[in-house]
Colleague: 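First, the structure itself, so that you have it in front of you.
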Amino acid sequence: MQQVMERVRRAHEAGMTYGNAILNRPTGGRSVARGMSNLYKVVFVLGPPGSGKGTQCALIQKNFGLVHLSAGDLLREEQESKSQYGQLIAEHIRNGTIVPVAITCALLENAMKASGDCAGFLIDGFPRNQDNLDGWQKNMADKVDVKFTLFLSCKVDVCVSRCLNRKQGRADDNEESLRKRIHTYNTQTYPIIEYYEKLGLVREVATCRDTDEVYTDIEKIFKEAGF
Ligand SMILES: Nc1ncnc2c1ncn2[C@@H]1O[C@H](COP(=O)(O)OP(=O)(O)OP(=O)(O)O)[C@@H](O)[C@H]1O
Ligand SMILES: Nc1ccn([C@H]2C[C@H](O)[C@@H](COP(=O)(O)O)O2)c(=O)n1
Ligand SMILES: [Mg+2]
């Protein structure tokens with residue numbers, strides 16, 4: 001994981017201020033924007049913790065050639081890479097609160113720039129609150145073409161049970177963190193889904209079903225969207 005972040009870091013040229021520190025941010029290498037008519041396609045993937053975002057994104061990536069970027073995974077990698085933001089990120093993850101967008105948006109943009117050619121990006125777990133949305137609009141809106149938001153809906157008890165049985169050693173897969181993560185989802189993330197819904201940009205798929213059944217519905221959505 002550290003190697004991935006190092007590769008991403010080497011692509012950086014300029015600094016981005018955040019608080020008293022600098023989070024390096026790429027300006028060189030391949031641009032995210034590929035001309036006015038050829039912007040990278042982006043699909044946001046949102047839903048409660050454990051709804052199956054990572055699981056379904058892996059299938060979409062495999063079958064449609066979009067690159068899966070999980071904001072949570074990028075933050076965990078950044079934390080593990082002895083980043084100056086490691087402690088801040090760890091605290092947010094444990095408390096189920098949302099890391100300031102300057103960090104997350106820079107990680108996402110860096111990862112996009114470091115990716116090879118692809119059909120687009122699946123941005124999993126972002127934008128997760130108003131701060132995420134504002135930061136994205138400010139820094140990325142004119143560089144990408146957001147096709148839609150895939151909303152994976154699922155009952156809370158099923159989500160919690162999946163996370164508690166996930167066994168990936170995540171610091172936040174415990175009952176206390178999950179309670180906080182669900183609260184953050186309900187109060188901060190769901191309003192973002194409602195925002196995209198008002199724009200006619202939400203495609204909802206219920207995920208309290210077998211993985212294959214869920215994916216069949218998702219596949220139709222991506223085909224209809226021209227992927
Ligand atoms: N449809 C499904 N049926 C049963 N188990 C599932 C299903 N989808 C995912 N899972 C399992 O539930 C757990 C959580 O799935 P996943 O990691 O994809 O969720 P997530 O939405 O990315 O969660 P988080 O927001 O916490 O990262 C995993 O162990 C996964 O294997
Ligand atoms: N946009 C984001 C995405 C994630 N985080 C932090 C806080 C989340 O609870 C944690 C885990 O995310 P997940 O892997 O469940 O998608 O990562 C954030 O602060 N901002
Ligand atoms: Mg996930």
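Because the structure is predicted, anything quoted here is derived from the model rather than measured. Atoms within a ligand are numbered from 1 in the order they appear, just like the ligands themselves.
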Colleague: What's the shortest distance from atom 23 (O) of ligand 1 to any protein heavy atom, and which residue and atom give it?
Modeller: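 Protein heavy atom at minimum distance: Gly50 N, 2.9 Å.
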Colleague: Using a 4.0 Å heavy-atom threshold (strictly under), name the region of Asn165 that reaches ligand 1: side chain, backbone, both or neither.
Modeller: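 The answer is neither.
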Colleague: Counting N and O atoms only, with roles assigned by atom type, does the side chain of Thr184 sit under 3.5 Å from a partner on the main chain of Gly96, one being a donor and the other an acceptor?
Modeller: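 Yes, Thr184 side chain to Gly96 backbone: donor-acceptor pair under 3.5 Å.
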Colleague: Could you tell me whether the side chain of Lys53 and the main chain of Pro48 form a donor-acceptor pair under 3.5 Å?
Modeller: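 A pair under 3.5 Å: yes.
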Colleague: Under 6.0 Å from the ring centre and within 45 degrees of the ring axis: does the NZ or CZ of Lys41 meet both conditions for the six-membered ring of Phe121?
Modeller: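 The answer is no, since Lys41 fails at least one limit relative to Phe121.
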Colleague: With a sphere of 6.0 Å drawn around OH of Tyr190, does it hold more than 12 non-hydrogen atoms of other residues, nucleotides or ligands?
Modeller: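 Not buried by this count: 12 neighbours or fewer within 6.0 Å.
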Colleague: What residue and atom, counting heavy atoms only, is the protein's closest point to atom 19 (O) of ligand 1, and at what distance?
Modeller: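 Of every protein heavy atom, Gly52 N, 3.3 Å lies nearest to atom 19 (O) of ligand 1.
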Colleague: Between ligand 2 and the protein, which N/O pairs fall short of 3.5 Å?
Modeller:
| from | atom 1 | to | atom 2 | distance (Å) |
| --- | --- | --- | --- | --- |
| ligand 2 | 1 (N) | Gly125 | O | 2.9 |
| ligand 2 | 1 (N) | Asn132 | OD1 | 2.9 |
| ligand 2 | 12 (O) | Arg128 | NH2 | 3.2 |
| ligand 2 | 14 (O) | Arg76 | NH1 | 3.3 |
| ligand 2 | 14 (O) | Arg76 | NH2 | 2.7 |
| ligand 2 | 14 (O) | Arg170 | NH1 | 3.2 |
| ligand 2 | 14 (O) | Arg170 | NH2 | 3.4 |
| ligand 2 | 15 (O) | Arg128 | NH2 | 3.4 |
| ligand 2 | 15 (O) | Arg170 | NH2 | 2.9 |
| ligand 2 | 16 (O) | Arg128 | NH1 | 3.0 |
| ligand 2 | 16 (O) | Arg128 | NH2 | 3.2 |
| ligand 2 | 19 (O) | Val99 | N | 2.7 |

Colleague: Find out whether Met140 and Met112 are in side-chain contact, i.e. whether some heavy atom of one side chain is under 4.5 Å from a heavy atom of the other.
Modeller: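 The answer is yes; the side chains approach within 4.5 Å.
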Colleague: Angle class for the Phe126/Phe44 ring planes (parallel below 30°, perpendicular above 60°, tilted otherwise)?
Modeller: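 Rings of Phe126 and Phe44: tilted, 30 to 60°.
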Colleague: Output the list of atoms in ligand 1 that are nearer than 4.0 Å to some heavy atom of Arg209, sorted by atom number.
Modeller: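 Those atoms are 1 (N), 2 (C), 3 (N).
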Colleague: In ligand 1, which numbered atoms sit nearer than 4.0 Å to a non-hydrogen atom of Thr211?
Modeller: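 In order of numbering, the contacting atoms are 1 (N), 2 (C), 3 (N), 7 (C), 8 (N).
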Colleague: Under a 4.0 Å threshold between the charged nitrogen and the carboxylate oxygen, would Arg209 count as salt-bridged to Asp217?
Modeller: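 Yes, this pair counts.
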Colleague: Side chain, backbone, both or neither: which part of Asp210 comes within less than 4.0 Å of ligand 1 when only heavy atoms are counted?
Modeller: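 For Asp210, the contact with ligand 1 is made by the backbone alone.
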Colleague: Does Glu213 reach ligand 1, in the sense of a heavy atom lying below 4.0 Å from it?
Modeller: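 Contact absent.
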Colleague: Nearest protein heavy-atom contact for atom 28 (C) of ligand 1: which residue, which atom, what distance?
Modeller: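 So the nearest neighbour among protein heavy atoms is Arg166 CD, 4.0 Å.
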Colleague: Is the number of heavy atoms from other residues, nucleotides or ligands under 6.0 Å of Glu176 CD greater than 12?
Modeller: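 It does not: Glu176 CD has 12 such atoms or fewer within range.
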Colleague: Run the numbers for me: atoms of ligand 1, each under 4.0 Å from some heavy atom of Thr207, listed by number.
Modeller: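 Selected atoms, number and element: 1 (N).
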Colleague: With side chains defined as the heavy atoms from C-beta onward, is the minimum distance between Phe227 and Lys147 less than 4.5 Å?
Modeller: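 Phe227 reaches Lys147 side chain to side chain.
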Colleague: Give the residue, atom name and distance (to 0.1 Å) of the protein heavy atom nearest atom 3 (N) of ligand 1.
Modeller: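 Residue, atom and distance for the closest contact: Arg162 NH2, 3.3 Å.
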Colleague: For His183, is there any backbone N or O sitting under 3.5 Å from a side-chain donor or acceptor partner on Thr187?
Modeller: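 It does hold such a pair.
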Colleague: Check whether any N or O atom of Asp124, backbone or side chain, sits under 3.5 Å from an N or O atom of ligand 1, and answer yes or no.
Modeller: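 In this structure, Asp124 places no N or O atom under 3.5 Å from an N or O of ligand 1.
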Colleague: Please determine if Arg170 and Asp172 form a salt bridge, counting it only when a charged side-chain N lies under 4.0 Å from a carboxylate O.
Modeller: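 Looking at Arg170 and Asp172, the cut-off is met.
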Colleague: Only heavy atoms of Ser51, strictly under 4.0 Å: list the atoms of ligand 1 that pass.
Modeller: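 It comes down to these atoms of ligand 1: 21 (O).
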Colleague: Mind checking whether Arg162 and Cys154 have side chains closer than 4.5 Å, heavy atoms only?
Modeller: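 Yes; the side chains approach each other to less than 4.5 Å.
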Colleague: Starting from atom 25 (O) of ligand 1, locate the nearest protein heavy atom and write down its residue, its atom name and how far away it is, to 0.1 Å.
Modeller: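 Ranking protein heavy atoms by distance from atom 25 (O) of ligand 1, first comes Lys53 NZ, 2.7 Å.
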Colleague: What's the shortest distance from atom 27 (O) of ligand 1 to any protein heavy atom, and which residue and atom give it?
Modeller: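 Checking every protein heavy atom, the shortest distance to atom 27 (O) of ligand 1 gives Arg170 NH1, 3.0 Å.
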Colleague: Specify the protein heavy atom at minimum distance from atom 22 (O) of ligand 1: its residue, its atom name, and the distance to 0.1 Å.
Modeller: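 The closest one turns out to be Gly54 N, 3.0 Å.
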Colleague: Nearest protein heavy atom to atom 31 (O) of ligand 1, by residue and atom, and its distance?
Modeller: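 Here the closest protein heavy atom is Thr55 OG1, 4.1 Å.
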Colleague: Indicate yes or no: at least one non-hydrogen side-chain atom of Leu39 is less than 4.5 angstrom from one of Lys143.
Modeller: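 A side-chain contact under 4.5 Å is absent here.
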Colleague: Decide salt bridge (charged side-chain N to carboxylate O under 4.0 Å, His left out) for Glu109 and Lys113; before the verdict, give the C-alpha distance in whole Å, the side-chain angles of both, and the deciding distance to 0.1 Å.
Modeller: CA-CA 6 Å; Glu109 187 175 3; Lys113 290 185 174 182; 3.3 Å; yes
